[in-house]
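Being a predicted model, the structure only gives us computed values, none of them experimental.
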Amino acid sequence: MKWKTGDTCFFVENNYRIIEATVTAVHGDFCVVKYGTNAGIRLRSSRLYQTPEEAHDARIYHYPSNSNPYFYDH
């Protein structure tokens, strides 16, 4: 998607949380997004998603291939 200034987007933080942000600037393939009260970050446009469901599907899940009896899913 071609992002424009003022668009609302979502991105995944630390492969855990889905954050809603607003695009404030676009420079080539990078977008500067603002989220929270005073936070911002520059991300590649491929890491931005239109809906939280798309961002959730992009997360990487690490499950062990063989089950260990001492492995607990916290």
Donor-acceptor pair, side chain of [X] and main chain of [Y], under 3.5 angstrom:
X: N15; Y: I60; answer: yes
X: D57; Y: E54; answer: no
X: R17; Y: V12; answer: no
X: T24; Y: V32; answer: yes

Can you tell me how far the [atom1] atom of [X] sits from the [atom2] atom of [Y], to the nearest 0.5 Å?
X: F11; Y: I18; atom1: CZ; atom2: CD1; value: 11.0 Å
X: W3; Y: C31; atom1: CH2; atom2: SG; value: 7.5 Å
X: E13; Y: L43; atom1: CD; atom2: CG; value: 10.0 Å
X: F10; Y: H56; atom1: CZ; atom2: NE2; value: 13.5 Å
X: I19; Y: L48; atom1: CD1; atom2: CG; value: 12.5 Å

Study note, to complete from the structure: Given the options R44, K2, R47, D29 meets salt bridge (Lys or Arg N to Asp or Glu O under 4.0 Å) only with R44

Practice item. Flag the pair K4 / V26 as yes when at least one side-chain heavy-atom distance between them is below 4.5 Å, and no otherwise. Key: no

**Study point:** Within 6.0 Å of CZ in R42, more than 12 heavy atoms from elsewhere
**Key:** no

Review point. Can you name the closest pair of heavy atoms from C9 and V23 and give their distance?
Key: SG-CG2, 4.0 Å

